[in-house]
Amino acid sequence: METFQFTKMHGLGNNYIYVNMFEENLNEADLPRLAREVANPYTGIGSDGMILICPSEQAPVKMRIFNNDGSEALNCGNGLRCVAKYAYEHQLVSETVFKIETLSGLVEAKIHLSHNQVQAVTVDMGKPRLQKKDIPMDGVPEETVIAENMLFQGETYEITALSMGNPHIIFYIDDIQKAPLTTLGPSVEKDPRFHDGINVEFIEVVNQNELNFRVWERGSGITQACGTGACAAAVASVLNGKSPRGEDIIVHLAGGDLIINWTEQGNVLMTGPAEVIAEGTYHIR
Ligand SMILES: N[C@@H](CCC[C@H](N)C(=O)O)C(=O)O
């Protein structure tokens, strides 16, 4: 029977099975099926998906992320913090500031140490991409999507959409406890006007520097946190005049808090924790 070593890690409860591809050799064609298999809570390990930590020609490491339905995504904020912690602790890097390659480009991670332990990670997630062609979605390719009216399930909603390397749509609601995650989430995710599907976020503005956040993730459903989603929420809130540019915005997710700052220079900084849950040997079926 084929086996591989894994580490299960989480960022604010958004948990993935991490595989060190510097040491393991998984069959490329089998990766979507394997992601579904390991993510299964009954016959696998149980997770929001699988993340591969791979060699890169452009950076010390490259992240590849598979959702728990087996689809490969272009970016993952919580995953990047975990990959950074893993790379640092397993000496794949020797510095505390280093680049990580993703399918949507290079980002920069900064490890924060306390008593020699990784206490938090800041990732410079780059610039948000605001045009319809970046998401991608129907409409004039160069237009942005800020407070645009769209009809879903027979009702008009004012939405904002953007890409953080992966696609996000933001709905503002009055009470986060009433976020229509399971009703609007799956249908908006697969709405054909968004050509590659979309991550669906519901935001309650607490004050200009604090947002309550819930997510229905493309390919994984409800998760405890979404790092790229939190970045998208903060950017959307600046674009809609609800939050200031260049200041820390605390995003309260179901699994805990992220600090997001859309800097005056244009890049989005995300700071938060990364934790190891378990390590072991997985037996491939
Ligand atoms: N949980 C992630 C995002 C994972 C990918 C996403 N579901 C997609 O398909 O784009 C995060 O922390 O950003």
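Counting from 1, the numbers follow the sequence of the chain as shown. Numbering of ligands and ligand atoms starts at 1, following listing order. If you're wondering where the values come from, they're calculated on a predicted model, not measured in any experiment.
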Worksheet item: Less than 4.5 Å apart, any side-chain heavy atom of L92 and any of P60?
Response: no
Worksheet, complete the sentence: min-distance protein heavy atom vs atom 3 (C) of ligand 1 -> E217 OE1, 3.5 Å
Discussion item. Is the terminal nitrogen or CZ of R214 (NZ for Lys, CZ for Arg) located under 6.0 angstrom from the six-membered ring centre of F171 and within 45° of that ring's axis?
Written reply: no
Fill in: For N78, the ligand 1 atoms whose distance to one of its heavy atoms is below 4.0 Å
11 (C), 12 (O)
Worksheet item: Considering only protein heavy atoms, which is closest to atom 2 (C) of ligand 1, and at what distance to one decimal place?
Response: C76 SG, 3.2 Å
Response to the item:
Within the 4.0 Å heavy-atom cut-off, what D48 brings close to ligand 1 is neither
Discussion item. Need the ligand 1 atom indices (1-based, order shown) with element for anything under 4.0 Å from a heavy-atom of N75.
Written reply: 3 (C), 4 (C), 5 (C)
Practice prompt. Show which atoms of ligand 1 fall inside a sub-4.0 Å distance from at least one heavy-atom site of N67.
Written response: 4 (C), 5 (C), 6 (C), 7 (N), 8 (C), 9 (O)
Worksheet item: Side-chain donor-acceptor pair under 3.5 Å between D48 and H10, yes or no?
Response: no
Worksheet item: How does T228 reach ligand 1, by side chain, by backbone, by both or by neither, if only non-hydrogen atoms under 4.0 Å count?
Response: both
Worksheet item: Can you tell if the side chain of P55 reaches within under 4.5 Å of the side chain of K62, non-hydrogen atoms only?
Response: no
Discussion item. Check whether Y18 forms a cation-pi arrangement with K8 (NZ or CZ under 6.0 Å from the six-membered ring centre, at most 45° off the ring normal).
Written reply: no
Worksheet item: Under 30°, 30 to 60°, or over 60°: which ring-plane class applies to F6 and Y282, parallel, tilted or perpendicular?
Response: perpendicular
Worksheet item: Looking at atom 6 (C) of ligand 1, what's its closest protein heavy atom, distance included?
Response: N199 OD1, 3.3 Å
Worksheet, complete the sentence: Checking heavy atoms under 4.0 Å, the part of Y16 that sits near ligand 1 is side chain
Worksheet item: Under a 4.0 Å heavy-atom limit, does N166 contact ligand 1 with its side chain, its backbone, both, or neither?
Response: side chain
Fill in: Sub-4.0 Å heavy-atom contact, G219 with ligand 1
no
Item to complete: Determine, for E148 against K132, whether the closest basic-nitrogen to carboxylate-oxygen distance falls under 4.0 angstrom.
Response: yes
Discussion item. Contact between N212 and I203 at the side-chain level, heavy atoms closer than 4.5 Å - yes or no?
Written reply: no
Worksheet item: Applying a 4.0 Å heavy-atom criterion (strictly less than), which segment of T223 is in contact with ligand 1: side chain, backbone, both, or neither?
Response: neither
Worksheet item: Which atoms from ligand 1 have a heavy atom of A73 less than 4.0 Å away?
Response: 5 (C), 8 (C), 9 (O), 10 (O)
Fill in: N40 CG to T43 OG1 distance, which is reported to the nearest 0.5 Å
3.5 Å
Discussion item. If you define the side chain from C-beta out and look only at heavy atoms, does anything of I249 sit under 4.5 Å from L211?
Written reply: yes
Fill in: I65 and ligand 1 - part of the residue with a heavy-atom distance under 4.0 Å
side chain
Worksheet entry | atom 12 (O) of ligand 1: nearest protein contact (heavy atom, Å) | G227 N, 2.7 Å
Fill in: Pair T160, N240: side-chain N/O donor-acceptor within cut-off below 3.5 Å
yes
Worksheet item: Of G11, G272, G77, which has the heavy atom at the shortest distance from atom 11 (C) of ligand 1?
Response: G77
Worksheet item: Strictly under 4.0 Å, does any heavy atom of V215 approach an atom of ligand 1?
Response: no
